[in-house]
Amino acid sequence: MPETQQVEDRTAAGPPPANSVDRFFKISARGSTVGREVRGGFATFFTMAYILVLNPIILGSAKDKFGDQLDSVQLVTATALVAAVMTIIMGVGGNLPLALAAGLGLNAVVAFQIAPLMSWDDAMGLIVLEGLLICVLVVTGLREAVMYAIPQPLKQAISVGIGLFISFIGFVDAGFVSRIPDAANTTVPVQLGATGALTGWPILVFCVGVLLTIGLLARKVKGAILISIVTMTAVAIVVNEIADVKSWGLTTPQVPDDVVASPDFGLLGDFSLFGAFGEVSVITVVLLVFTLILSDFFDTMGTVVGVSAEAGLLDEDGKVPNLGRVLLIDGAAAVAGGASSASSATSYIESAAGVGEGARTGFANLVTGGLFACALFLTPLLTIVPMQAAAPALVAVGFLMMTQVKYIDWDKYEIAIPAFLTIAVMPFTYSITNGIGAGFVSYVLIKTVLGRAKEVHWLLWGTSALFLIYFAIDPIEQILNVK
């Protein structure tokens, strides 16, 4: 059964285009409506709006080699601007409901691994360089070829793994699941709530939100995810007013004192493309750029495949529509992120929330990007949604993506084992890249052990070799005496 038929209500074709906008974005052709696209755009924005708070916190809390820090107000502006521009470009150029913003994980690498070795300008220059190299890989066709070389069951496993991963993100970010400190002297890495039990009003808001979301989905209510986010945000605001809540995390749900805030574009253009070579060794620069490229490359691969599969947009061969343009825009987003000091921008798996709400085209990106553009001036108003109100959407979408697990042939160990490792490693290591790497390496190994190495595409051999370097980067750095 082709993936375009895996989820109910995804029609192969709709009525004739109503107007030029419909025709350009293929809204009716993909079985969608303008209403669904708008709802999807709102849902995607609300599930990833946290980046407007989190990215400035991560980058703004770090110091570079010279003790300098980035301004938090300027970081908010840079983060919102890049997300707005690149999300809209992806919608128009790639026609996928795939939003982009500063990549979590990548920004931590920049803040805590790269910046201490050089100036902020030099660190952001490495991000620009990484993005340019990714664009070169796209133009040469190599990036697209790697995606086509992946066996279909592994693509399905990637989508399932991402479903579990974003569900886990939802549970963790809402505080339903938390990490047990090492001081607890326990072998259990995570626990229920902050103390082994569910306590506090924010957790209650999340739990009610999950129940509301799944109830609306089960009833097939249009706008279920968006209704849940808006409703629980209102509930959270009321709770925050009448109850004694110690902390909601990054975002406190309260009516803001000011609705409008002035953007500060002071960080735009503050980068040095080759400045890093004057601060650290060439080998160190190469290893840093390699790590950034590999992470960005395969995070995007997993996200594009996962979101497209969930939207029912993959063809019978598992190919993503407009893949070349999508990958080129994603590479350009990394360049834009570095050039604006917002760190590397990349495709967001939270876009699956918009898909779960009905988005099937790039028109939804116009809505999401427009909201990020509004956030340049209305940050106080658009960042009142607490994670406890948005996270239920991630849990629900995780379920929807998990349903693809039934299309993997679990009786064939040569694909079942790599699929299992792909699915398991993503949430367990909190990384899409790690899961894809585990799946690739195990797939090549098993095919070789079975004497069927010739069946493996040469690009998978090369990619698996790169992943071996990626996983063994620490001993390699020690051997090369790279600090």
Side-chain angles (χ1 to χ4, degrees), residues 37-61 69-92 97-104 107 124 226 229-230 233-234 236-237 240 248-271 329 332-333 335-346 348 350-351 353-354 359 362-387 389-390:
E37 298 298 313
V38 171
R39 291 198 305 268
F42 270 90
T44 295
F45 173 79
F46 284 126
T47 54
M48 61 184 288
Y50 65 85
I51 195 61
L52 296 174
V53 178
L54 192 54
N55 196 48
I57 288 177
I58 292 175
L59 293 177
S61 64
Q69 289 181 281
L70 298 177
D71 182 81
S72 59
V73 175
Q74 293 177 339
L75 283 171
V76 172
T77 298
T79 302
L81 179 64
V82 172
V85 173
M86 297 313 303
T87 295
I88 290 173
I89 290 176
M90 178 64 81
V92 175
L98 196 65
L100 300 94
L104 285 175
N107 56 5
M124 293 304 170
L226 186 57
I229 293 174
V230 173
T233 297
I237 291 174
N240 189 64
W248 289 87
L250 290 174
T251 305
T252 300
Q254 57 187 6
V255 178
D257 296 328
D258 298 312
V259 175
V260 178
S262 299
D264 187 338
F265 300 97
L267 288 176
L268 269 65
D270 286 353
F271 71 95
I329 293 170
V335 176
S340 62
S341 295
S343 183
S344 180
T346 188
Y348 259 58
E350 281 84 352
S351 303
F363 189 84
N365 276 31
L366 302 188
V367 177
T368 304
L371 290 171
F372 272 116
C374 290
L376 285 168
F377 306 94
L378 304 175
T379 301
L381 183 63
L382 292 174
T383 56
I384 65 173
V385 180
M387 182 52 69

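Just so you know, these numbers use all the heavy atoms, side chains as well, and skip hydrogens, waters and symmetry mates.
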Can you tell if the side chain of [X] reaches within under 4.5 Å of the side chain of [Y], non-hydrogen atoms only?
{"X": "Ile237", "Y": "Gln254", "result": "no"}
{"X": "Phe377", "Y": "Pro263", "result": "yes"}
{"X": "Leu376", "Y": "Thr77", "result": "yes"}
{"X": "Leu59", "Y": "Ser343", "result": "yes"}

**Option passing side chain to side chain contact (heavy atoms under 4.5 Å, CB included) with Leu366 (candidates Val92, Val38, Thr87)** =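 With Leu366 as partner, Val92, Val38, Thr87 yield a single side chain to side chain contact (heavy atoms under 4.5 Å, CB included), made by Val92.
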**Request:** Going by the side chain to side chain contact (heavy atoms under 4.5 Å, CB included) test, name the single residue among Thr79, Leu267, Asp270 that passes it with Gln74.
**Result:**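 When Thr79, Leu267, Asp270 are each tested with Gln74, the side chain to side chain contact (heavy atoms under 4.5 Å, CB included) holds only for Leu267.
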Exercise: identify the closest heavy-atom pair between [X] and [Y]:
{"X": "Ala375", "Y": "Leu52", "answer": "CB-CD1, 3.7 Å"}
{"X": "Ala345", "Y": "Val82", "answer": "CB-CG1, 3.7 Å"}
{"X": "Asn55", "Y": "Ala342", "answer": "ND2-O, 3.1 Å"}
{"X": "Leu98", "Y": "Leu100", "answer": "O-CD1, 3.6 Å"}
{"X": "Pro97", "Y": "Ala364", "answer": "CB-CB, 4.4 Å"}
{"X": "Ala83", "Y": "Ala101", "answer": "CB-CB, 3.9 Å"}

Roughly how far, to the nearest 0.5 Å, is the [atom2] atom of [Y] from the [atom1] atom of [X]?
{"X": "Leu70", "Y": "Ile58", "atom1": "CG", "atom2": "CD1", "value": "12.5 Å"}
{"X": "Asp71", "Y": "Ser341", "atom1": "CG", "atom2": "OG", "value": "11.5 Å"}
{"X": "Phe271", "Y": "Met124", "atom1": "CZ", "atom2": "CE", "value": "11.5 Å"}
{"X": "Asn365", "Y": "Ile88", "atom1": "CG", "atom2": "CD1", "value": "8.5 Å"}
{"X": "Thr346", "Y": "Met86", "atom1": "OG1", "atom2": "CE", "value": "10.5 Å"}

**Asked** Any idea how Phe45 and Phe372 line up, ring-wise: parallel (<30°), tilted (30 to 60°), or perpendicular (>60°)?
**Response**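 Taking Phe372 first and then Phe45, their aromatic rings stand perpendicular (interplane angle over 60°).
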**Item:** Pair Val367-Phe42, side-chain contact (heavy atoms from CB on, under 4.5 Å): steps then yes or no
**Value:** CA-CA 7 Å; Val367 177; Phe42 270 90; 3.6 Å; yes
**Item:** Criterion side-chain contact (heavy atoms from CB on, under 4.5 Å) on Val260 and Leu378, from CA distance to verdict
**Value:** CA-CA 5 Å; Val260 178; Leu378 304 175; 3.9 Å; yes
Main-chain N/O of [Y] paired to [X] side chain as donor or acceptor, under 3.5 Å:
{"X": "Ser351", "Y": "Ala99", "value": "yes"}
{"X": "Thr252", "Y": "Trp248", "value": "no"}
{"X": "Asn107", "Y": "Ala102", "value": "no"}

**Message:** side-chain contact (heavy atoms from CB on, under 4.5 Å), that's the test. Do Ile51 and Tyr348 meet it? Break it down for me.
**Reply:** CA-CA 11 Å; Ile51 195 61; Tyr348 259 58; 3.1 Å; yes
